[in-house]
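To start, the structure itself, in structure tokens.
Just so it is clear, the values below take in all heavy atoms, side chains as well, and ignore hydrogens, waters and symmetry mates.
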Amino acid sequence: MSRTSLSRFLIEQQRKAGTLPPDLRHLIETVARACKAISHSVGKGELAGILGEAGTGNVQGEAQKKLDVIANDVLLEANEWGGNLAAMASEEMELPYSIPDGLPRGRYLMLFDPLDGSSNIDVNISVGTIFSVLECDESVSGHPTEADFLQPGTRQVAAGYTVYGPQTMLVLTFGNGVYGFTLDRENGSFVLTHSEMKIPQATGEFAINMSNMRHWEAPVQRYVGELLAGKTGPLAKDYNMRWVASMVAEVHRILVRGGVFMYPKDARDPAKPGKLRLMYEGNPMAFIVEQAGGMATNGHQRILDIQPAALHERVAVFLGSKEEVERVTAYHN
């Protein structure tokens with residue numbers, strides 16, 4: 001029985017009533033090649049001397065791992081010459097990266113978190129790459145600016161992530177379902193292994209960093225308290241807690257077997273609406289989760305409807321199985 005490669009899948013999508021433009025297909029193939037290179041580096045780890053701190057910080061003031069820098073450079077270099085992008089933005093860089101003069105420019109903008117969960121890389125826990133694709137306004141001439149990226153998540157034309165774990169998997173959506181591809185390490189190609197991924201509406205699992213409980217707002221404390229009360233509480237059901245501290249790994253588990261992932265606002269920094277980044281994490285993951293039948297909110301509104309005000313804007317995140325996300329959102333409202 002023949003297997004469907006990523007390239008074949010994308011070509012078939014392109015042929016189906018023109019649902020996938022050729023330049024978007026080429027962009028995704030380029031991103032997939034870059035993610036294979038990142039997977040190779042992650043897999044080598046200390047053998048290549050690339051674990052540990054890079055000695056630099058990103059725009060958020062977080063210490064960068066060596067692999068943060070490597071993954072960021074791989075994605076920039078792979079995509080700058082392909083002719084599909086007008087500019088890129090990375091969680092690791094303060095300003096957008098324009099396609100250099102002299103190279104062809106395309107009509108898309110890409111945002112990415114090059115290595116999500118990198119604080120776990122030294123202890124061999126799954127990490128990943130998250131990306132989001134937007135269209136650049138046709139009226140833009142010259143180099144796109146930060147303002148050109150500030151589009152709500154509903155404007156995404158594609159989103160995906162790659163999880164580097166026991167298997168390397170690429171998960172994609174173009175707004176017509178979610179598909180998962182596993183990297184065949186022997187022949188170097190991504191192969192379709194998960195068609196039309198769906199998140200169960202109900203769940204018995206939740207993921208949250210319980211060490212921050214004292215800082216949460218009242219609705220989150222109420223909701224998590226009910227989860228912990230189990231069968232003897234108002235929800236009359238026992239729940240299990242999982243926490244990997246890598247958003248890619250958390251979302252992937254939810255896509256495969258259901259669950260709810262929460263990273264709420266807390267009182268430690270009242271000026272920040274959350275910790276995760278709207279453009280690099282919240283929007284692409286919300287797009288994927290919704291396309292898989294789940295739900296994603298910031299506690300008050302749909303994440304994809306938020307109009308971003310800054311490239312590195314933060315957001316509270318509640319996503320996963322619809323029943324539970326609806327419940328915790330109702331408690332906020």
Side-chain angles (χ1 to χ4, degrees), residues 58-60 87-96 108-113 116 130-137 140 144-161 173-175 178 199 207-208 212 216-220 223 247-248 250-251 254-255 260-322 324-333:
N58 63 17
V59 64
Q60 285 86 23
M88 293 175 268
S90 167
E91 183 178 311
E92 300 299 327
M93 303 187 304
E94 181 179 2
L95 299 172
Y108 296 109
L109 303 170
M110 186 168 74
L111 304 102
F112 54 84
D113 179 352
D116 177 73
I130 309 171
F131 63 92
S132 167
V133 182
L134 300 163
E135 281 196 270
C136 189
D137 194 293
V140 175
T145 65
E146 177 177 339
D148 297 306
F149 285 87
L150 301 183
Q151 305 176 34
T154 50
R155 300 273 297 276
Q156 293 174 105
V157 295
Y161 66 80
T173 186
F174 299 103
V178 179
I199 298 172
I208 195 168
N212 294 329
W216 298 337
E217 294 179 316
V220 184
Y223 174 64
M247 189 185 190
V248 164
E250 305 282 6
V251 171
I254 288 169
L255 272 175
V260 57
F261 167 81
M262 296 174 280
Y263 214 126
K265 177 182 179 180
D266 65 45
R268 286 173 296 174
D269 191 344
K272 292 179 181 176
K275 177 175 169 56
L276 299 177
R277 284 76 181 179
L278 173 63
M279 305 294 287
Y280 309 104
E281 297 162 322
N283 276 340
M285 289 308 203
F287 190 21
I288 292 166
V289 165
E290 284 196 6
Q291 284 297 313
M295 185 175 179
T297 77
N298 67 352
H300 298 277
Q301 69 177 118
R302 181 187 183 209
I303 286 176
L304 295 182
D305 287 336
I306 297 172
Q307 173 60 52
L311 197 57
H312 297 282
E313 182 174 338
R314 297 175 187 257
V315 67
V317 173
F318 302 85
L319 61 75
S321 294
K322 196 170 184 180
E324 299 300 332
V325 178
E326 283 181 337
R327 179 177 288 116
V328 69
T329 302
Y331 289 178
H332 280 82
N333 290 330

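In terms of the ring pair (Phe, Tyr, Trp, His ring centres under 6.0 Å) criterion, residue partners of Tyr161 (sequence neighbours excluded) are, by chain and number, His252. Residues passing the salt bridge (charged side-chain N to carboxylate O under 4.0 Å, His left out) test with Arg155, sequence neighbours excluded: none.
Closest approach of Ala296 to Leu319, counting heavy atoms only: CB-CB, 3.8 Å. When all heavy atoms of Glu135 and Gln151 are compared, the pair lying nearest together is O-NE2, 3.0 Å. The minimum heavy-atom distance between Arg314 and Lys275, with the atom names listed, is NH1-O, 3.0 Å. Between Pro284 and Met279, the shortest heavy-atom distance links the atoms CD-O, 3.7 Å. Minimum interatomic distance between Gln307 and Pro152 (heavy atoms only, all atoms of both residues): OE1-CD, 3.4 Å. The shortest non-hydrogen separation linking Arg302 to Thr154 is NH1-CG2, 3.7 Å.
Rounding to the nearest 0.5 angstrom, the gap separating the CG atom in Asp305 from the NE2 atom in His300 is 14.5 Å. Atom OG in Ser321 sits 11.0 Å away from atom CD in Glu326 (nearest 0.5 Å). Of the inter-residue distances, the one linking Glu281 atom CD with Asp113 atom CG reads 5.0 Å to the nearest 0.5 angstrom. For the atom pair Lys322 NZ and Thr329 OG1, the distance stands at 11.5 Å (nearest 0.5 Å). The CD atom of Glu324 sits 8.5 Å away from the CE atom of Met262 when rounded to the nearest 0.5 Å. Rounded to the nearest 0.5 angstrom, Lys265 NZ and Asn298 CG are separated by 10.0 Å.
In this structure the side chain of Leu304 reaches within 4.5 angstrom of the side chain of Gln156, judged on heavy atoms. Considering only heavy atoms from C-beta on, Gln301 comes within 4.5 Å of Ile306 through its side chain. Met285 places none of its side-chain heavy atoms less than 4.5 Å from the side chain of Asn283. At a threshold of 4.5 Å between non-hydrogen side-chain atoms, the residues Tyr108 and Leu134 do not count as touching. Within the 4.5 Å cutoff, the side chain of Phe112 has heavy atoms near those of the Met110 side chain. Here the side chains of Val317 and Phe261 are in contact, with some heavy-atom distance below 4.5 Å. By the 4.5 Å heavy-atom criterion applied to side chains, Cys136 and Leu109 are counted as neighbours.
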Exercise for review: In sequence, state the C-alpha distance, the side-chain angles, and the governing distance for Leu111 and Met88, and then conclude on side chain to side chain contact (heavy atoms under 4.5 Å, CB included).
Suggested key: CA-CA 6 Å; Leu111 304 102; Met88 293 175 268; over 6 Å; no
Point to revise | side chain to side chain contact (heavy atoms under 4.5 Å, CB included) evaluation trace for Ile288 with Leu255 | key: CA-CA 9 Å; Ile288 292 166; Leu255 272 175; 3.8 Å; yes
Point to revise | Verdict with supporting geometry, Leu276 and Met247, side chain to side chain contact (heavy atoms under 4.5 Å, CB included) | key: CA-CA 9 Å; Leu276 299 177; Met247 189 185 190; 3.9 Å; yes
**Study point:** Working for side chain to side chain contact (heavy atoms under 4.5 Å, CB included), residues Ile208 and Trp216
**Key:** CA-CA 11 Å; Ile208 195 168; Trp216 298 337; 3.4 Å; yes
**Study point:** Tyr223 vs His332, ring pair (Phe, Tyr, Trp, His ring centres under 6.0 Å): CA-CA, chis, key distance, verdict
**Key:** CA-CA 10 Å; Tyr223 174 64; His332 280 82; 9.0 Å; no
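Of the possible polar contacts, none joining the Gln291 side chain to the Phe287 backbone as a donor-acceptor pair under 3.5 Å is found. Formation of a donor-acceptor pair under 3.5 Å by the Glu290 side chain with backbone atoms of Ala286 is not found in this model. For Asp148 (side chain) and Thr145 (main-chain N/O), a donor-acceptor pair under 3.5 Å exists by modelled atom type.
Under the 6.0 Å cut-off for aromatic ring centres, Tyr280 and His312 qualify, their centroids lying closer than that.
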